[in-house]
Amino acid sequence: MRGDAVGSARRWAGAWLGGLLLSGQAAGFLGEAPDAFAAAAVAAPPRVALASADPGFVVQPASREASRNFFNAVYGAGSDAESGWNGSVAGCQPGTTSPEFREAVRRRVNFYRAMAGVPAAIAFDADYELRTQRAALMMSANGTLEHYPPSNWSCYDDGGAEAARNSNLALGSYGVSAIDGYVEDYGDDNAAVGHRRWLFYPQTRAMGTGDVPGRGGYMPANVLWIFDGRYGTARPATREPFVAWPPPGFVPYPIVYPRWSFTYPAADFSAASVSMWSNAVAVAVSIESQTQHFGENTLVWHLDGMSTEGFEPWPKPAQDTAFHVEVRGVVVDGISREFSYDVTVFDPQVTASDTVWPVVSGPPQAAVLQHNTYSVAPVPTATGYQWRQSRATTWSRTEGAETGLSAWQSRTSPGYDVLVDHPRVSGSRAFHLAHVEPVEQSLTLTLPLLPGPQSQLEFQSRLGYATSGQIAQVEVAPDGLGAWTVVWAQAGTEDPENTFYRRTVSLSPFAGRSIRVRFSYHYAWGAYYPQADAGVGWHLDDIRFTGVEELVESQTGTMTGTAFILSPPQAGTYALEARALVQGGFPVEWGPATRVTALILPVPKVRWVAKPSLRDGAIGLEFEVENHRAGLVLQLWQAPAISGTWEQDAAATLETVQAGLRFRFVTGRGNPDRGFYKVRID
């Protein structure tokens, strides 16, 4: 079965414009999905290895915050992992990708399955991956997609041909982006959303990914093995009896696409209809497909006015937008049924009334090199917490490339210099980003920043030869997450700027939260300038921040509960942050920073001031704390003998006799005739 979208596009097309080569990339595309006849031909898996011990992700999108945290913590986790590909298309060497890269792809698959409400513990099988890697090489080498590649293809391989028959195929994208493409299922050949249906097939337990980045003029490719021999076996439980995309509940807008689908096993959709409303206003939709030879039986429709031809992002909503869906005339076991559900599309970077931040609380002053106890507000659905202490120092320098990339993480294509001596505004060098390959180029500031209410970013910018598909962007993300928000953008116009212009961006919306900042030269679509000459691409110089602090000398720890110990190594201002861990260990964004001043303070000391007293069967133990300060945690510990095992008496009651000086523990624990006690300070 041949995907006929761009059958012969092997190399980038080129045309000369204004003395420069203007290249055009064939847009990423999908062929048709493999059909159920191919799935039925796959034998049942012979190996126990196809089963996964991973319990998988489980999420309830009915909760906005659960959906928001799941997206922010899991969707982007590892998505910036380098492919580590060590093959060669020209040399017909399939190579391999890094374990971290393959795990990011597997995680993206399971993220989507969990959101769809189907079992989300897909394992990647090593044998599948060996063959899908060869298939991805074949697709890239031949510049087209084919489930049944002929033996005269460049880089033909029998194992790769087998993988092609059993897989979703993508050209022009690879890795996690290809998984997004399978869920979107754009293109005329994909009105039945077959790739999506195989990705969400409930019975599937094992897959495998093969990925080739686009290099040397060849298009990137992904091959995702999806047939593990379980087609037609007993259906496991799903969150709802049907599988819909987008699913019922709160769904982040980046994963909502023009084509919507409703799946019900063995249902007859031949007489089905769909109606949608938003804020009681009817939404015009068109049914696209009732084709039933992919995965489970499915009805597909799209929202009128949205293109299904190529990648079309859902517009970022200014506020949560609810859609009511009604599907009628679905025949199940000979009975016509109706289904209704609600989908709310929202921005996962915007909090709501159900958001609970892990705010750090405790004394505003902390003693240097002493234990200072702080606590964290608990977050619903959290499976753990991390804390971080950082020294907060005022930003006081200008980044103009004179110190190289020491403060930056560069993610750029090989073949050009990011540091250039011309053009520039001042000093000896400036930064330069160019699309020698049609992939994103970026410079990310390595240190997190803490903006204030009047914070600004200023930089000198010169966007040279660039098409409208080449976009200079400044992006901000909560520290620790890859959920980047564009705060400034300038698309090319093919009319180059011949001088630098000072640009100013407000960072006040992020006040009190640690952030990362990056400069991204984004490739969106279509033709582009592939040169790295002066005057082509994006030049940057004299980057500075005002009203911003850097977070340096950070130390991070994991909590066993909701409290942690701060022991600052030196005097100064510290920012304390905490973040929740969800889904067994994936971090959400850091919460608001709590400022603490660390001072050199005398060490507290405890001394007993009275004999133990017995009152109504309870023991009273009175003591004084020299150099007492707010925030000290006093604990009573008990042992049957001096050399015995000491245990904390957590049930003991602490009473204040004289504020800031004298205290009493009252406990009913132990033998009143003989026992040993001590007071511990944290």
Side-chain angles (χ1 to χ4, degrees), residues 12-28 172-173 177 180 184 186 214 253-254 258 305-307 309-318 347 349 410-413 416 418 420 423 425 430-444 457-477 483-507 509 517-543:
W12 315 131
W16 288 93
L17 180 65
L20 294 171
L21 180 64
L22 182 66
S23 293
Q25 182 192 4
S173 63
S177 295
D180 292 340
E184 181 177 5
Y186 53 83
Y253 80 90
M306 296 197 73
S307 172
E309 296 302 308
F311 174 70
E312 169 128 354
W314 193 273
K316 181 178 180 179
D347 182 353
Q349 299 308 309
S410 170
R411 294 181 64 87
T412 57
S413 299
Y416 76 100
V418 179
V420 296
V425 175
F431 298 109
H432 182 209
L433 298 175
H435 284 136
V436 296
E437 294 179 310
V439 295
E440 186 172 69
Q441 313 286 303
S442 67
L443 290 170
T444 304
L457 162 64
E458 298 178 359
F459 60 97
Q460 295 285 342
S461 171
R462 174 176 169 172
L463 184 59
Y465 280 100
T467 68
S468 58
Q470 296 176 276
I471 306 170
Q473 297 181 166
V474 177
E475 300 171 334
V476 174
W484 295 96
T485 297
V486 177
V487 295
W488 177 88
Q490 179 182 350
T493 63
E494 300 186 18
D495 183 13
E497 295 177 340
N498 295 315
T499 188
F500 282 86
Y501 293 91
R502 188 169 74 92
R503 309 298 188 186
T504 302
V505 179
S506 173
L507 299 177
V517 174
R518 78 175 180 184
F519 294 84
S520 168
Y521 193 34
H522 180 64
Y523 173 76
W525 56 276
Y528 69 103
Y529 289 93
Q531 291 82 5
D533 305 336
V536 182
W538 191 20
H539 293 267
L540 294 158
D541 203 359
D542 290 354
I543 300 168

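All figures in this text were calculated on a predicted structure; none of them were measured in a lab.
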Does any non-hydrogen side-chain atom of [Y] lie less than 4.5 Å from one of [X]?
X    : Y    : result
R502 : E458 : yes
L443 : V418 : yes
V486 : V474 : no
Q473 : W488 : no
Q349 : P254 : no

Next on the checklist: What I want to find out is whether E475 reaches R518 closely enough, with some N-O distance under 4.0 Å, to be called a salt bridge.
Outcome noted: yes
Next on the checklist: So that I can tick it off, tell me whether R411 and E440 are bridged by a salt bridge, with the cut-off set at under 4.0 angstrom between side-chain N and carboxylate O.
Outcome noted: no
Item to check | Stepwise ring pair (Phe, Tyr, Trp, His ring centres under 6.0 Å) test for F431 and F519 | outcome: CA-CA 10 Å; F431 298 109; F519 294 84; 8.0 Å; no
Can you name the nearest heavy-atom pair linking [X] to [Y], along with the distance?
X    : Y    : result
T444 : W484 : CG2-CH2, 4.0 Å
H432 : G537 : NE2-CA, 4.3 Å
P438 : Y528 : CD-OH, 3.6 Å
P313 : M306 : O-CE, 4.3 Å
L540 : A430 : O-CB, 3.3 Å
G464 : P496 : C-CB, 3.5 Å

Item to check | Worked check of side chain to side chain contact (heavy atoms under 4.5 Å, CB included) between V476 and L457 | outcome: CA-CA 11 Å; V476 174; L457 162 64; over 6 Å; no
Please answer whether the main-chain N or O of [Y] pairs with a side-chain N or O of [X] as donor and acceptor at a distance below 3.5 Å.
X    : Y    : value
E497 : L463 : yes
D541 : V425 : yes
R462 : H539 : no

Checklist entry - What pairs with S413 under side-chain contact (heavy atoms from CB on, under 4.5 Å), at least two apart in sequence or on another chain? => result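 Checked S413 against side-chain contact (heavy atoms from CB on, under 4.5 Å); matches are V436, E437, V439, Q441.
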Checklist entry - side chain to side chain contact (heavy atoms under 4.5 Å, CB included) between Q490 and R503: does it pass, once the steps are laid out? => result CA-CA 11 Å; Q490 179 182 350; R503 309 298 188 186; 3.4 Å; yes
Next on the checklist: Working to the nearest 0.5 angstrom, can you tell me the gap between Q531 CD and Y465 OH?
Outcome noted: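 Those atoms lie 10.5 Å apart.
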Item to check | Pairing residues for D542 by the salt bridge (Lys or Arg N to Asp or Glu O under 4.0 Å) criterion, not counting sequence neighbours | outcome: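 Result, salt bridge (Lys or Arg N to Asp or Glu O under 4.0 Å) vs D542: none returned.
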Checklist entry - Considering the options Y416, Y529, Y521, W538, which one meets the ring pair (Phe, Tyr, Trp, His ring centres under 6.0 Å) requirement together with H435? => result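 Between H435 and the candidates, ring pair (Phe, Tyr, Trp, His ring centres under 6.0 Å) is satisfied uniquely by Y521.
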